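Any value given below was found using the heavy atoms of this structure, including those in side chains, with hydrogens, waters and symmetry copies removed. Source: prediction; values computed, not measured.
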Amino acid sequence: MISVVGLRVEFGVKPLFSDASFVVNDRDRIALVGKNGAGKSTLLKILCGQQRPTSGTVSIPNETTVGYLPQVMVLQDDTTVREEVQKAFANIRAMAERVEQLNRQLAERTDYESDSYLSLVEQFTQEHERYMMMGAENYEAEIERTLVGLGFQRTDFDRPTSEFSGGWRMRIELAKILLQRPDVLLLDEPTNHLDIESIQWLEQFLAQSAKAVVLVSHDRAFINNVSNRTLEISCGKIVDYKVKYDEYVVLRRERREQQLRAYENQQKEIADMRAFIERFRYQATKAVQVQQKVK
């Protein structure tokens with residue numbers, strides 16, 4: 001779905017990360033982890049096209065849709081909760097109009113054996129199937145289920161969005177993005193303003209309904225329950241672990257221990273070389289070996 005090759009991101013002269021390459025596949029549930037300031041939110045912005053990398057490429061097929069939930073968002077204040085969330089189905093309403101238009105054209109035609117009529121029938125069939133596959137007939141029920149799942153009362157649906165706090169407004173935006181059913185969901189701290197029940201509902205939704213997910217969260221239980229793959233941004237590199245978060249923690253510990261042992265062995269080798277150089281620096285018979293060690 002998304003292919004990243006040779007990505008490099010710099011702020012000033014210091015890179016956040018470099019030479020990053022990975023692919024986001026269908027059904028991936030990727031936890032993006034790293035220290036604060038490592039570049040997690042920046043990477044999400046690059047994947048959704050809001051920010052450009054210093055170098056490297058991000059390839060997304062034209063038919064692939066991406067939904068992005070930032071940590072900070074702005075909602076219009078002239079709509080109700082229901083009206084704001086209904087914007088997720090703007091494409092469905094446009095599709096319904098196309099289906100109706102094609103249906104009217106078919107009703108007006110009488111040249112049932114012509115190639116153009118058969119082509120129109122095929123076009124109508126394809127559009128109508130897409131319309132039905134997107135759950136277009138019951139999207140109001142989908143809106144209700146999603147809003148209730150995220151903690152809203154039905155009495156909230158017709159209240160203006162301006163009456164809600166920032167945390168609840170984030171839930172409105174999250175509902176809108178989830179209802180769009182994008183091919184790739186990019187979620188930056190989606191649980192920051194959710195209660196336990198809403199977090200559990202979101203976990204279930206992502207497991208059952210989402211296609212591909214890349215998420216950032218400080219809620220370790222949440223990312224462990226959702227993830228099946230972990231990308232770690234560390235020391236300017238991105239390391240891909242093909243496991244859920246808990247298993248990644250174990251593998252990372254083992255990898256750090258291996259790196260530490262390699263470092264200690266390297267330091268011992270350097271010390272041995274330096275000792276050899278100091279010991280035999282002025283012996284002509286050892287001149288070639290000393291130069292090799294110096295090199």
Side-chain angles (χ1 to χ4, degrees), residues 41 44-45 47-51 60 63-101 127-128 130-206 208-217 219 222 226:
S41 295
L44 291 184
K45 290 176 183 177
L47 293 179
C48 74
Q50 287 194 7
Q51 187 169 323
I60 304 176
E63 67 275 11
T64 298
T65 56
V66 178
Y68 170 54
L69 178 76
Q71 288 194 50
V72 180
M73 72 285 296
V74 178
L75 295 178
Q76 294 183 7
D77 285 333
D78 58 352
T79 61
T80 65
V81 172
R82 188 194 303 274
E83 290 168 343
E84 185 67 26
V85 174
Q86 282 175 340
K87 293 177 181 179
F89 295 96
N91 59 332
I92 287 183
R93 289 198 291 271
M95 191 180 298
E97 292 176 3
R98 288 198 300 272
V99 169
E100 180 60 29
Q101 184 180 27
E127 288 291 322
H128 187 262
R130 285 182 59 208
Y131 178 74
M132 298 302 294
M133 285 177 62
M134 294 180 72
E137 292 296 314
N138 63 344
Y139 74 86
E140 287 292 348
E142 282 292 307
I143 287 175
E144 182 171 326
R145 279 194 294 268
T146 302
L147 287 174
V148 170
L150 290 175
F152 289 91
Q153 303 295 321
R154 287 175 175 80
T155 52
D156 294 328
F157 294 178
D158 296 314
R159 290 173 56 193
T161 60
S162 58
E163 293 182 3
F164 291 87
S165 66
W168 283 97
R169 290 161 72 89
M170 185 281 291
R171 296 190 195 206
I172 296 171
E173 188 65 16
L174 177 59
K176 192 162 62 174
I177 293 169
L178 296 180
L179 286 165
Q180 289 171 352
R181 301 294 176 93
D183 296 310
V184 182
L185 272 170
L186 307 175
L187 306 177
D188 198 349
E189 299 289 357
T191 63
N192 268 2
H193 302 284
L194 300 184
D195 53 30
I196 293 175
E197 290 78 10
S198 297
I199 291 173
Q200 291 173 341
W201 179 89
L202 180 58
E203 288 177 1
Q204 186 176 14
F205 179 93
L206 295 178
Q208 296 178 353
S209 302
K211 297 180 181 179
V213 181
V214 184
L215 64 92
V216 175
S217 177
D219 186 334
F222 172 73
V226 171

Original post:
Once you round to the nearest 0.5 Å, how far does NZ of Lys87 lie from CD of Glu173?
Top reply: 9.0 Å
**OP:** State, yes or no, whether a side-chain contact exists between Glu142 and Arg181 at a heavy-atom distance under 4.5 Å.
**Re:** yes
Subject >> Chi angles and distances behind the side chain to side chain contact (heavy atoms under 4.5 Å, CB included) call for Leu69, Leu215 >> reply: CA-CA 9 Å; Leu69 178 76; Leu215 64 92; over 6 Å; no
**OP:** Find the distance between OG1 (Thr65) and NZ (Lys211) and round it off to the nearest 0.5 Å.
**Re:** 6.0 Å
Original post:
Would you call Leu194 and Met170 a side-chain contact if the rule is heavy atoms closer than 4.5 Å?
Top reply: yes
Original post:
Would you call Leu202 and Leu174 a side-chain contact if the rule is heavy atoms closer than 4.5 Å?
Top reply: yes
Original post:
Any side-chain heavy-atom pair from Trp201 and Thr146 closer than 4.5 angstrom?
Top reply: yes
Original post:
Quick one: does Leu179's side chain get under 4.5 Å of Ile143's, heavy atoms only?
Top reply: yes
**OP:** To the nearest 0.5 angstrom, please state how far the CD atom of Glu84 sits from the CG atom of Asp78.
**Re:** 8.0 Å
Original post:
Under a 4.5 Å cut-off applied to non-hydrogen side-chain atoms, are Phe222 and Leu206 in contact?
Top reply: yes
Original post:
What closest approach, in Å, do Gly151 and Ser198 show between heavy atoms, and which atom pair accounts for it?
Top reply: N-OG, 3.7 Å
Original post:
Could you state the interatomic distance from CD (Gln101) to CZ (Arg98), rounded to the nearest 0.5 Å?
Top reply: 9.5 Å
**OP:** Report the distance from atom CD of Gln50 to atom CG of Leu186, rounding to the nearest 0.5 Å.
**Re:** 9.5 Å
Original post:
Given the rule in the side chain to side chain contact (heavy atoms under 4.5 Å, CB included) test, do Val226 and Phe205 qualify, once you have shown the distances and angles that lead to the verdict?
Top reply: CA-CA 10 Å; Val226 171; Phe205 179 93; over 6 Å; no
Original post:
Could you walk me through whether Asp156 and Leu147 pass the side chain to side chain contact (heavy atoms under 4.5 Å, CB included) check?
Top reply: CA-CA 9 Å; Asp156 294 328; Leu147 287 174; over 6 Å; no
Original post:
Within a strict 4.5 Å, meaning less than it, do heavy atoms of the Glu140 and Arg82 side chains meet?
Top reply: yes
Original post:
Hey, is the main chain of Pro160 close enough, under 3.5 Å, to the side chain of Glu163 for a donor-acceptor pair?
Top reply: no
Original post:
Measuring from Thr79:OG1 to Asp158:CG, what's the distance to the nearest 0.5 Å?
Top reply: 11.5 Å
Original post:
When you check the side-chain N and O atoms of Asp188 and Ser41, is any donor under 3.5 Å from an acceptor?
Top reply: yes
Original post:
Where is the tightest heavy-atom contact between Arg169 and Ser162, given as atom of each residue plus distance?
Top reply: NH1-CA, 3.5 Å
**OP:** Of all the heavy-atom pairs spanning Arg171 and Asp195, show the shortest one and how long it is.
**Re:** NH2-N, 3.5 Å
Subject >> Check against side chain to side chain contact (heavy atoms under 4.5 Å, CB included), Val66 and Leu47 >> reply: CA-CA 9 Å; Val66 178; Leu47 293 179; over 6 Å; no
Original post:
Would you say Lys45 and Tyr68 make side-chain contact, with heavy atoms under 4.5 Å?
Top reply: yes
**OP:** Would you name the heavy atoms of Ser217 and Thr191 that are closest together and state the gap between them?
**Re:** OG-OG1, 3.5 Å
